[in-house]
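First the structure, in the form of structure tokens, and then the observations on it.
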Amino acid sequence: MLTIGQLATASGVPTSTIRFWERRELLRPQGRSGGQRRYDEEALTQVGMLRLCQDAGFTLAEIRQMLAQRATDPTRWRELVEAKRLDVASSLRKLEKAHDLLSHALECTHEDITKCPRFQAAVEHRSGRATANDLPSLAG
């Protein structure tokens, strides 16, 4: 059995995070001994899973939902993962647009970016005064 400090050291997660996850019912100690929380080796796997889910962009509420649904329907997690995948894909598209805008701003030959026709067209598009067809690519 591991103490909370041993679990924190072994997993690389602060004890405050472990306690926070406990309050959110995402992690549970096996019991107490001498007033200290005790965890079995499975807790290391649970911590790893929590960290991996967070790395994939899941919120704690979504992780809790996934765990609860997995308990009643072990296949339902796929729906939650697919929804998150679509969310991440949308975020990637937005980040790619941001990257293109920033790259163009750095590569633009106009000393004042507000004088750049492509930048002005992007501003017009964002203000709702132009259609997607009117928007020149800011890449390159």
Side-chain angles (χ1 to χ4, degrees):
M1 295 295 271
L2 303 168
T3 65
I4 192 169
Q6 291 167 329
L7 179 60
T9 299
S11 66
V13 173
T15 57
S16 59
T17 299
I18 293 170
R19 286 186 196 98
F20 181 77
W21 287 341
E22 285 179 20
R23 287 191 303 272
R24 297 293 184 263
E25 299 179 0
L26 295 167
L27 185 66
R28 294 188 184 162
Q30 287 301 109
R32 290 184 176 266
S33 177
Q36 289 185 324
R37 294 169 172 89
R38 299 294 176 170
Y39 302 87
D40 60 14
E41 292 293 321
E42 177 63 20
L44 282 169
T45 301
Q46 292 170 334
V47 168
M49 184 65 167
L50 287 168
R51 293 180 78 190
L52 185 64
C53 286
Q54 287 182 312
D55 289 346
F58 285 96
T59 65
L60 293 180
E62 290 168 333
I63 296 169
R64 190 178 322 105
Q65 179 185 8
M66 192 173 359
L67 292 173
Q69 288 181 346
R70 195 179 96 205
T72 59
D73 183 357
T75 62
R76 186 96 193 282
W77 64 269
R78 290 183 182 278
E79 295 171 24
L80 297 168
V81 170
E82 176 62 12
K84 181 55 68 178
R85 188 186 69 80
L86 293 172
D87 185 45
V88 167
S90 174
S91 294
L92 285 172
R93 285 189 298 277
K94 290 175 185 174
L95 286 171
E96 186 63 38
K97 287 180 182 179
H99 182 268
D100 290 349
L101 176 63
L102 295 169
S103 294
H104 176 72
L106 290 173
E107 297 166 2
C108 184
T109 58
H110 291 84
E111 191 60 36
D112 180 354
I113 191 71
T114 64
K115 305 294 186 217
C116 171
R118 290 181 358 189
F119 183 80
Q120 288 174 347
V123 169
E124 289 293 313
H125 175 72
R126 276 310 264 148
S127 68
R129 289 186 235 148
T131 66
N133 295 336
D134 298 330
L135 181 63
S137 171
L138 287 174

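Index from 1, following the sequence. If you're wondering where the values come from, they're calculated on a predicted model, not measured in any experiment.
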Lys/Arg N to Asp/Glu carboxylate O, Arg93 vs Glu96, below 4.0 Å: no
Residues Asp87 and Lys84 bridged, charged N to O under 4.0 Å: yes
Check residues 2-9 and write down every donor-acceptor pair under 3.5 Å in which the side-chain atom is one partner and the other belongs to a residue at least two apart or another chain.
residue : atom : partner : partner atom : Å
Thr3    : OG1  : Gly5    : N            : 3.4
Thr3    : OG1  : Gln6    : N            : 3.1
Thr3    : OG1  : Gln6    : OE1          : 3.4
Gln6    : OE1  : Thr3    : N            : 2.8
Thr9    : OG1  : Gly5    : O            : 3.0

Spacing of CZ belonging to Arg118 relative to CD belonging to Gln120, to within rounding of 0.5 Å: 12.5 Å
N/O donor to acceptor pairs below 3.5 angstrom from side-chain atoms of residues 47-57, sequence neighbours left out:
residue : atom : partner : partner atom : Å
Arg51   : NH1  : Ser11   : O            : 2.6

side-chain contact (heavy atoms from CB on, under 4.5 Å) between Leu26 and Phe20, worked out: CA-CA 9 Å; Leu26 295 167; Phe20 181 77; over 6 Å; no
CG-CG distance between Leu27 and Leu67, expressed to the nearest 0.5 angstrom: 10.5 Å
Closest non-hydrogen atom pair, Phe58 against Leu80: CE2-O, 3.9 Å
Side-chain donor or acceptor of Arg70 paired with backbone N/O of Trp77 under 3.5 Å: no
Pairs meeting criterion salt bridge (Lys or Arg N to Asp or Glu O under 4.0 Å) with involvement of residues 30-49, two or more places apart: Glu22-Arg37
Minimum side-chain heavy-atom gap His110-Pro117 below 4.5 Å: yes
ILVMFWY network linking Val123 to Leu101, side-chain heavy atoms under 4.5 angstrom: yes
Co-membership, hydrophobic cluster, residues Leu60 and Val81, 4.5 Å side-chain: yes
Closest non-hydrogen atom pair, Ile113 against Ala105: CD1-CA, 3.8 Å
